[in-house]
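See below for the structure under consideration.
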Amino acid sequence: MARPNDEVEALLKEYADLIAITGGDAFKVRAYEKAARAIGGYPTDISRLDTSGLREIPNVGRSIAQKVAEYLRTGRMAVIEERRTAIPVGVRELIRIPTLGPKKALRLYEDLHIASVDQLAAAIEADALADLKGFGEKTQENIRHGIEILRTAGGRVSLPLALDTAEEVITALSGVPGCRRCAYAGSLRRMRETVGDLDVLVAARRSAPFMAALCDLPTTGDVIARGAKKTSVRTTKGLQVDLRVLPPESWGAGLQYFTGSKAHNIRTRTIAVHQGLKLSEYGLFDAGSGTSVASRTEEEVYARLGLPWIPPTLREDRGEIEAALRGTLPELVTERDIRGDLHSHTDLTDGLAPLEAMVEAAAERGYAYYAVTDHAPNLYMQRMTEEKILAQRERLRELDGTRHRMRLLHGTELNIGPDGEVDWPGEFLAGFDLCVASLHSHFDQDRATMTRRLVRACENPYVDVLGHPTARLIGRRPGVDADWEEVFAACARTGTALEVNAQPDRLDLCDEYILRARAHGVKFAVNTDAHSVPHLAQLRYGVGTAQRGWLTRDDVINTWPLTRLRRFLRRSVRG
DNA sequence: GCCGTTTTCGGCCCGACTGTTTTCAGTCG
C-alpha cells in the first residue's frame, strides 16, 4: 500500500487539487497531475533515487523533483502543508461530488464555510444555498443527486454489471433504423477493474432516434443531459450511460477518442499537433486546411500518426506510446491463448457443481488441460480430509482424457496460515500435480509479518501458484499490507507463479502489481477460481487484467503446452 | 510546472452540455 511512489502520487494529486481549488493556473494543476501519475506508475522505487534520478521520470522537472526529494528526506512537503492550513481536507472532498468542481467548492467554502460533504448536504437541506451566486435550484438538485451517488457506490461499478448494461444498450440501439455501427468504448473497453460510466458510440446520419431510444429504455432511470450529439442517462441500477452519435465516416476517430484514456488521448493529440494535424472525435485533420486525413478506422488514425494500432487495454499512457514508436509493443496474451484453468472448485468443498460437470464445462471451452483444486482442510469449514481428496483424485484419473482428450490435473488450494505454513506435510503434497496457496484469514498482520508469511509460502517447495495474492475484494476490503517487491523477488527466486485471479470482485493481482512483478521476471497464471460452471467464463476479466499488466503468452504458464507446464511445476517442486 | 528536430519562452487536446451571471463559466470526459 504505502510504497513511496504511491505516497508521493497521492500527495502530488492532493497538491494539484488544492491549486485548482484556490484558483491557480490550470496548466500547473495538470503538470502536477501528470507528475503524480508518472511517479505512481514508475517501476523503480523512488526512495532509491536522488534529485537527478527523479528528474529522469517523465513530467518531473526541477521543482517537483525538489519537492519529492524533500518529502523523501523529511517525510513532509512544506508547500502542501501550507495549502492545507488554508483549505481544510473536507473542501477537497467536495470535488469528488459529480457536477461539483473546484470553483464551486471554493465558493461554498468562502461564502458559507462549508468544509465537508456532510455539511454541504445539511446546508442544502436547510436551503442555505439559495442566495449563493451560481447555485440555482437545478444546480442544488444536481449536487444533492451527486452526493447520493458518492455515498452509495463510490460512483463505480463492477465489470460484469457494466458489460451487461453495455450489451443491453447496444442490442437496443443496434435495432434502431439507420444504425451503421454501435459499440462501447471508455474504461470498459480498456477493461479497467471498475467502470465509472459507460460510453456508447453509434455511427449514423441522424442522431435523434438514438437519443430517444436510450431515454426510453426500461432500464433508464433519469436523463441527465440530452442534446443533438450527446445524451447522458443514469440507469435504475445507478450506472451513468453516455451516448454519442457520430457520422459514419468519423467512426474510427470517435472510437479512438472515447476509448481513452484521457492521458493516452492527450499524448495522441500532442503527436498530431507536432505533425501539423488536429485530432478530435470527428477525425484527424490538417491543421491548416482543415481537410480530413484519417477517420474511418482506429487503425487508419493511428497509422497516420505514425503508430501501430494500440490495444485498448494498454491505452493508459504507461509507456505504450513510446513502445509503439519503437515498434516494441508487447504481443498481449488473449483469451484464446489460455489452454487451461489452474484453479477451480467442485462441490466436494465450496463449489456448486460436481466434478463431472466442471470437467465437462471446461472441456466444452476447448481447454487442453484443467486443474481441480479444492480447498485443503485448514479452511476448516470445508471439512476436507485426506480420504476425500484421494477419492477425488481416483475419480479424476478415471475422467482424465475422456472429454475431448482434455488432460486433468489434480491439485488443491492450500491455506497460508498466520506464519506461512500450509495444510498437509510435504510427503502428502508431493502427490498432487500442482498446489495453489492463498490467504484466507489474518489479513491485518503488520507488513513485516505478512511479508515473511508470504515469502515462506513461496519457499515451500510444493507451492506452485500464489492464489489471489493480496486477498483484496474490490470496494469491500483492501489488499493485505506486504513488502511486495520482496514477495515478487521471492516468487521469481523460487519459481512460484503469481495468480491473476479473474473473479471480477478480486482481479488479484491487479494491473499495477502485475507490471511491478513482471519486472522481477515472475511468471503468472490467469485463473478463474471457478466455484460454478458459469464462473469459467469470467476468464475474460482475468485476461483483460493480464493485458493491462502487459503480459504476453510467454509470461502466463497456462498458455503453455502441457509438457512445458509440467516442467515448470516439477522445477518448482525441486525448488 | 514541464517541455523543446521551430523553442529557454510560450505553448500546454478539444469539444459538449448545463445552468444561469443571457454571452459564458463551470464541469466533464
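These numbers come from a predicted model, not from an experiment. Every chain is numbered from 1 and lettered A, B, ... according to where its sequence line falls, protein lines coming before strand lines. When reading the values below, keep in mind they use all heavy atoms of this one structure, side chains included, and skip hydrogens, waters and symmetry mates.
Residues A:Leu100 and A:Leu120 come closest through the heavy atom pair CD1-CD2, 3.6 Å. When every heavy atom of A:Ile64 is checked against every heavy atom of A:Ala35, the shortest pair comes out as CD1-CB, 3.5 Å.
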- Task: Quick one, give me the B/S/- string for nucleotides 4-11 of chain B, reading 5' to 3', where B means a protein heavy atom under 4.0 Å from the base and S means that only happens at the primed atoms, P, OP1 or OP2.
- Result: --------

- Under 4.0 Å protein heavy-atom contact, by nucleotide of nucleotides 20-29 of chain B - B base, S sugar-phosphate only: SB----SSSB

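Heavy atoms of A:Ala228 sit under 4.0 angstrom from primed sugar atoms or phosphate atoms, though from no base atom. Using a 4.0 Å heavy-atom criterion, one finds that A:Asp25 contacts the bases of the nucleic acid, with or without backbone contacts as well. Here A:Val29 lies out of heavy-atom contact (under 4.0 Å) with every strand. Residue contacts shown for A:Phe27 include a base, since a base heavy atom lies under 4.0 Å away.
Taking atom P on both nucleotides, B:dT5 is separated from B:dG1 by 23 Å, rounded to a whole Å. B:dG26 sits 12 Å from B:dT21 when the P atoms are compared, rounded to a whole Å. Spacing of C1' atoms, B:dT27 relative to B:dT20, comes out at 14 Å, to the nearest Å. With C1' as the reference atom, B:dG11 and B:dT7 are 10 Å apart, rounded to whole Å. Distance check on atom C1': B:dT8 versus B:dC3 gives 10 Å, rounded to whole Å. Comparing the same atom, C1', in B:dT23 and in B:dG19 gives a spacing of 13 Å after rounding to whole Å. Straight-line distance between the C1' atoms of B:dG4 and B:dA16: roughly 32 Å, to the nearest whole Å. Using atom P as the reference point in both B:dC9 and B:dG15, the two lie 30 Å apart (nearest Å).
Summary of the strand contacts: A:Ala35 and A:Asn265 both lie near DNA chain B, and taking for each the nucleotide with the nearest heavy atom, the more 5' one is attributed to A:Ala35. Sequence order on DNA chain B of the closest nucleotides to A:Ala65 and A:Arg226 puts A:Ala65 first from the 5' end.
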Going by atom type alone, with no hydrogens or angles, which donor-acceptor pairs under 3.5 Å involve a side-chain atom of residues 128-142 of chain A and a protein atom two or more places apart or on another chain?
{"from": "A:Glu141", "atom 1": "OE1", "to": "A:Arg144", "atom 2": "NE", "distance (Å)": "3.1"}
{"from": "A:Glu141", "atom 1": "OE1", "to": "A:Arg144", "atom 2": "NH2", "distance (Å)": "3.1"}

- Task: Could you walk me through whether A:Glu322 and A:Arg267 pass the salt bridge (Lys or Arg N to Asp or Glu O under 4.0 Å) test, one step at a time?
- Result: CA-CA 10 Å; A:Glu322 290 76 8; A:Arg267 296 296 307 277; 3.0 Å; yes

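The separation between A:Ile224 atom CD1 and B:dG19 atom P is 11 Å, rounded to whole Å. In this structure, CZ of A:Arg62 is placed 12 Å from C1' of B:dC2, rounded to the nearest angstrom. Per the geometry, CG belonging to A:Leu246 stands 13 Å off P belonging to B:dG15, to the nearest Å. In this structure, the NZ atom of A:Lys34 is 8 Å from the P atom of B:dC3, given to the nearest Å. The CD1 atom of A:Ile143 sits 12 Å away from the P atom of B:dG19 (whole-angstrom rounding). The nearest whole Å value for the distance from the CZ atom in A:Arg30 to the P atom in B:dC14 is 10 Å. Rounded to an integer number of Å, the gap from A:Ile271 CD1 to B:dC14 P is 13 Å. Atoms CD (A:Gln256) and P (B:dC13) sit 14 Å apart, rounded to a whole Å.
Checked against B:dT18, B:dC14, B:dC2, the side chain of A:Ser280 finds its nearest nucleotide in B:dC14. Of the listed nucleotides (B:dT18, B:dC17, B:dC2), B:dC17 has the atom at the smallest distance from the side chain of A:Lys229.
Phosphate contact (OP1/OP2 of B:dG15, side-chain N/O of A:Lys278, threshold under 4.0 Å): present. When the side-chain nitrogen and oxygen atoms of A:Tyr282 are compared with OP1 and OP2 of B:dC13, none of them lie within a distance under 4.0 Å.
Enclosure of atom CZ in A:Arg205 by more than 12 non-hydrogen atoms of other residues, nucleotides or ligands within 6.0 angstrom is indicated. Environment of CD in A:Glu81: crowded, with over 12 heavy atoms of neighbouring residues, nucleotides or ligands closer than 6.0 Å.
Two residues are said to be in side-chain contact when any heavy atoms from C-beta on lie closer than 4.5 Å; A:Ile321 and A:Thr268 meet this criterion.
Defined by atom type and a distance below 3.5 Å, a donor-acceptor pair is missing between the side-chain atoms of A:His264 and A:Glu316. Between the side chains of A:Ser116 and A:Asp118, no donor-acceptor pair of N or O atoms lies under 3.5 Å.
Side-chain N or O atoms of A:Asp508 include one that pairs as donor or acceptor with a backbone N or O of A:Thr470 at under 3.5 Å.
Separating the CZ atom in A:Arg296 from the OG atom in A:Ser250 is a distance of 8.5 Å, to the nearest 0.5 Å.
Nucleotide B:dT8 forms no Watson-Crick or G-U wobble pair with any nucleotide shown, as no partner meets the under 3.5 Å limit on both distances.
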